[in-house]
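Since the structure comes first, as structure tokens, the remarks are kept for the end.
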2 protein chains.
Amino acid sequence: MSLRHGLIGLLAREGPQTGYQLARAFDRSVNFVWHARHGQIYPELARLAEAGLIRHVEDGPRGAKVYEVTDAGIAELRRWILDVPVAVGTRNETLLRVFFGYLVEPAELEAFLLSEAARYRGLLGVLEGFAAGDATSPSERASELTVHAGIRMLNAQIDWAEWAANEVRTWPPAQAVSSGDRAGRARRRARRPRG
Amino acid sequence: MSLRHGLIGLLAREGPQTGYQLARAFDRSVNFVWHARHGQIYPELARLAEAGLIRHVEDGPRGAKVYEVTDAGIAELRRWILDVPVAVGTRNETLLRVFFGYLVEPAELEAFLLSEAARYRGLLGVLEGFAAGDATSPSERASELTVHAGIRMLNAQIDWAEWAANEVRTWPPAQAVSSGDRAGRARRRARRPRG
DNA sequence: AATTGCATGTAAATTGTTACATGATTTT
DNA sequence: AAAATCATGTAACAATTTACATGCAATT
């Protein structure tokens with residue numbers, strides 16, 4: 001699970017903090033890289049403290065619990081960054097929909113692709129705001145690298161979505177597909193080798 | 001959950017199939033878009049059949065259960081593609097590591113970035129193999145769109161990783177960071193405005 | 001005084017992974 | 001005969017989301 005390393009890392013990066021602050025940090029800086037809700041964060045902090053990777057140090061204003069990272073936590077973070085194989089397994093809901101997009105009218109799929117392009121543009125605007133900074137400290141330099149990655153990937157996605165919308169415009173109308181259309185499928189399959 | 005729509009979609013796309021075949025399909029065609037193990041697929045098929053979105057039709061050779069999609073399933077799939085807001089929430093473990101990459105030696109981070117670039121190149125090779133097809137049928141045209149998306153995103157990631165590796169080469173050695181270094185952090189923070 | 005924001009937690013449900021368990025059929 | 005592949009399932013665990021529940025502090 002990357003969440004625990006995200007929490008250790010944020011404590012290392014931004015100093016002692018409460019779970020609430022970490023939850024907000026997940027909504028800001030690292031949100032486009034990883035995200036988590038407080039319902040997951042609070043129990044995980046307790047487990048990390050139990051494991052000695054972070055430490056509950058003091059109490060803030062209104063029952064706030066401040067945590068800080070331990071040396072063991074930083075060592076674990078370094079180990080994770082370099083020595084643990086990166087978990088594979090892409091999950092892209094937009095692409096899954098497009099994969100089945102031949103089932104809807106081309107005009108509808110085109111509209112979907114353009115709406116996705118617009119959504120990506122919105123995200124790109126946010127990231128470009130992040131990139132405007134100066135990046136003087138080591139942690140800011142590292143953050144800048146991830147922002148650049150996001151910008152490049154979003155640009156690739158925007159270009160693709162607009163190209164794909166254009167492609168779809170040339171498609172013939174969708175055939176009626178129903179679960180009872182086994183005969184139709186068999187007909188098409190048989191015809192293919194001849195073409 | 002997109003898994004259930006992935007299952008309905010594959011049954012719609014490739015005709016009646018067993019859970020085993022669907023599990024293999026998730027390892028092949030849609031793997032770079034979505035993935036699932038049989039431990040999740042079999043129970044989900046039972047639930048989908050219960051909900052009337054797919055139907056258990058016949059029994060194959062050795063206790064194999066063949067499912068086919070129903071009209072209700074296709075209607076649900078169409079609804080999901082167009083009318084359900086795309087779930088947000090990126091999760092990119094590579095970027096999370098790079099975000100905290102200032103904690104390891106620049107040479108180590110550089111090596112990590114180059115190893116990621118190599119991994120991306122491997123995936124790109126697989127996708128380019130998929131793209132070599134002709135794409136005559138509607139479903140093949142749709143699949144081709146997703147393959148193109150994958151190729152563009154992987155190229156963006158390769159370019160980024162190699163650019164970032166180059167950036168990191170110019171970084172000064174990592175400072176020793178430890179949990180006890182609160183004074184060091186405060187010192188750096190106080191110094192910044194003057195610079 | 002009421003609203004907003006800070007702050008923590010847990011319970012329940014869902015989603016996903018891993019490991020265990022079983023047996024049939026085909027290939028070597 | 002043994003090994004590989006086909007085929008299904010469940011149990012246990014891990015990860016994640018959503019909703020519920022509470023209370024303090026600052027602002028309007």
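Model, not experiment: these values are computed from the prediction. Within every chain, numbering begins at 1; the chains are lettered A, B, ... in the order of the sequence lines, protein sequences first and strands thereafter. Any value given below was found using the heavy atoms of this structure, including those in side chains, with hydrogens, waters and symmetry copies removed.
Side-chain atoms of B:Thr18 lie closest to D:dA7 of the nucleotides C:dT17, D:dA7, C:dT8. Listed nucleotides C:dA7, D:dC6, C:dC6 differ in distance to A:Arg24; the shortest reach to its side chain belongs to C:dC6. The side chain of A:Arg37 approaches D:dT17 more closely than any other nucleotide in the set C:dT10, D:dA15, D:dT17.
The NE2 atom of A:His38 sits 16 Å away from the P atom of C:dG5 (whole-angstrom rounding). With rounding to whole Å, B:Glu44 atom CD is found 17 Å from C:dA13 atom P. In this structure, CZ of A:Arg62 is placed 8 Å from P of C:dC6, rounded to the nearest angstrom. When rounded to the nearest whole Å, the span between NE2 of B:His35 and P of C:dG16 equals 9 Å. As rounded to whole Å, 13 Å separates atom P of D:dA7 from atom NE2 of B:His56. The distance between atom CD of B:Gln40 and atom C1' of D:dT10, rounded to the nearest whole Å, is 14 Å. Whole-Å rounding puts the A:Tyr42 OH to C:dA7 P distance at 8 Å. Put simply, CZ on B:Arg47 is 15 Å from C1' on D:dT8, counting in whole angstrom units.
Toward the 5′ end of DNA chain C lies the nearest nucleotide of A:Lys65, the other residue of the pair B:Ala36 and A:Lys65 mapping further downstream.
The pair B:Glu144-B:Arg141 does not count as a salt bridge, with every side-chain nitrogen at least 4.0 angstrom from each carboxylate oxygen.
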